[in-house]
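This structure is a prediction, so every number in the text was calculated from the model and none was measured. Here, residue 1 is the first one in the sequence, and each next residue gets the next number.
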Amino acid sequence: MKRLLTILFDLDGTLVEYNIRGEDAKKEFINYIDSLGLGDNIDNTLPLGLIIKQLSKGSQEKAKKLLEIANDIYKKYELEAADHTRPKEFVTEALSALREKKIKMAITTNNSKDAVMRSLNKAGLLRFIDVVVTRDDVTEIKPSPEMLIKAARLLNAPLNMCLHVGDSYVDVLAARSTGMMAVAVAGGVTTIDTLNKYHPHLVITDLRQLVYLLDD
């Protein structure tokens, strides 16, 4: 673990408490897609990234348009939630310890840039972060690995010397598809039983455990 150069973090559920009305946002998106005649056979239990992948059917142009629609809808919910962001327990202390170790840190999140920056400022965490990559910066969101790869490149970090930390199974899928070590945080959006089905390399309950690992 001492050779680790970079840690990529998901944001909500991983670093901050962020009580977005996610199901309301997804419902509004699906209803809008239905109104366009594009919503046949949508599995609305899937996360947004997989819904877009399902609907786009391999068309990058269609995926880009769907992401633009989602951004217009989700952003208002995200900004609403961002105003009430707070850091999760032990996160500030853990990020401070990682910064002291001169670990490079990035945010890779499916949320909008404006909401992410507002959340990081509200939670007092922006000072620890070197790079922020959001859905505004990519054509495909997680579980696509695109934003993880982009963050690593921005920090000149080889993929095999990066670690990704997230609370959702889409985080695990994105990390494993790059060859990064996938660390799952229990207690977030995905249950630990579901997380384990996607084979994270490590499951932790809070970020202090990550700091302890780097001390080994």
Side-chain angles (χ1 to χ4, degrees), residues 1 3-16 18 22 26 29 43 45-71 74 78 98 103-113 115-116 119-120 129-186 188-190 194-204 207 210 213:
M1 297 292 288
R3 293 176 65 242
L4 184 68
L5 289 177
T6 302
I7 301 177
L8 313 181
F9 290 101
D10 178 53
L11 183 61
D12 50 305
T14 301
L15 297 184
V16 301
Y18 183 83
K26 185 192 289 187
F29 172 74
D43 182 353
T45 65
L46 293 173
L48 178 63
L50 290 177
I51 289 176
I52 289 175
K53 184 175 182 179
Q54 182 185 66
L55 290 171
S56 61
K57 299 177 180 177
S59 167
Q60 206 168 39
E61 183 178 343
K62 193 171 184 180
K64 181 179 179 181
K65 179 62 178 175
L66 288 166
L67 188 57
E68 288 172 355
I69 292 170
N71 187 57
Y74 272 72
E78 292 165 355
L98 292 172
I103 299 293
K104 296 178 184 178
M105 290 180 276
I107 297 294
T108 55
T109 173
N110 285 348
N111 291 334
S112 66
K113 180 80 77 176
V116 170
S119 293
L120 288 171
I129 305 302
D130 300 295
V131 163
V132 175
V133 180
T134 73
R135 69 164 180 263
D136 298 324
D137 304 306
V138 296
T139 56
E140 293 184 345
I141 60 176
K142 292 186 281 188
S144 163
E146 183 182 353
M147 63 176 61
L148 280 65
I149 293 169
K150 182 166 187 174
R153 286 177 177 167
L154 287 170
L155 291 171
N156 297 313
L159 294 177
N160 64 356
M161 295 184 71
C162 294
L163 179 154
H164 185 272
V165 184
D167 67 309
S168 168
Y169 74 89
V170 300
D171 294 309
V172 177
L173 286 171
R176 291 196 67 102
S177 67
T178 68
M180 294 182 186
M181 185 175 181
V183 177
V185 181
V189 69
T190 301
T194 300
L195 285 172
N196 282 326
K197 290 178 183 177
Y198 292 87
H199 308 294
H201 294 95
L202 180 69
V203 178
I204 61 176
L207 291 194
L210 191 59
L213 282 171

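Evaluated for a side chain to side chain contact (heavy atoms under 4.5 Å, CB included) with Met180, the options Ile7, Leu163, Leu148, Thr6 yield exactly one hit, Leu148.
Here CG of Leu8 is found 11.5 Å from CE of Met105. Values are rounded to the nearest 0.5 Å. The OG atom of Ser177 lies 6.5 Å from the CD1 atom of Ile149; values are rounded to the nearest 0.5 Å. Separation of atoms CG (Leu154) and CG (Asp130) is listed at 11.0 Å; rounding is to 0.5 Å. Between Lys150 atom NZ and Thr134 atom OG1 the span is 8.5 Å, to the nearest 0.5 Å. A distance of 4.0 Å separates CD1 in Ile141 from CG in Leu48, rounded to the nearest 0.5 Å. In this structure, Glu146 CD and Thr139 OG1 are separated by 3.5 Å, a value rounded to the nearest 0.5 Å.
For NZ of Lys113, the number of neighbouring non-hydrogen atoms (other residues, nucleotides, ligands) closer than 6.0 Å is greater than 12. By the neighbour-count criterion of 12 heavy atoms within 6.0 Å, atom NZ of Lys64 is sparsely surrounded, having that number or fewer from other residues, nucleotides or ligands. Glu68 CD: more than 12 foreign heavy atoms inside a 6.0 Å radius.
At least one side-chain heavy atom of Leu207 sits less than 4.5 Å from a side-chain heavy atom of Val165. Between Ser144 and Val138 there is no side-chain heavy-atom pair separated by less than 4.5 Å. Between Asn111 and Tyr18 the shortest side-chain heavy-atom distance falls below 4.5 Å. No side-chain heavy atom of Asp137 sits under 4.5 Å from any side-chain heavy atom of Val132. For the pair Leu202/Leu213, a side-chain contact is recorded, criterion being any heavy-atom separation below 4.5 Å from C-beta on. Residues Leu11 and Ser119 have side chains in contact (heavy-atom distance under 4.5 Å, counting atoms from C-beta outward).
Contact between His164 and Ala175 at its shortest, heavy atoms only, is CB-CB, 3.7 Å. Residues Leu46 and Lys26 approach most closely at O-NZ, 2.8 Å, considering heavy atoms. When all heavy atoms are compared, the tightest approach of Ala152 to Leu159 is CB-CD2, 3.7 Å. Summarising the geometry of Leu195 relative to Ala186, their closest heavy-atom pair is CD1-CA, 4.4 Å, with the distance given to 0.1 Å. The two atoms that bring Thr108 and Lys142 nearest to each other are O-NZ, 2.7 Å, heavy atoms only. Nearest heavy atoms, Ser59 versus Lys62: OG-N, 3.1 Å.
Side-chain contact check for Ser112 and Asp136: no donor-acceptor pair (N or O, by modelled atom type) lies under 3.5 Å.
Between the side chain of Thr14 and the backbone N or O of Asp167, at least one donor-acceptor pair lies under 3.5 Å. The main-chain N or O of Val183 is never found under 3.5 Å from a side-chain atom of His201 such that the two would form a donor-acceptor pair.
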Under the side-chain contact (heavy atoms from CB on, under 4.5 Å) criterion, do Leu66 and Ser56 qualify, and how do the steps go? CA-CA 8 Å; Leu66 288 166; Ser56 61; 4.3 Å; yes
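Taking the six-membered ring where tryptophan is involved, the planes of Phe29 and Tyr74 are perpendicular, since the angle between them exceeds 60° and thus also 30°.
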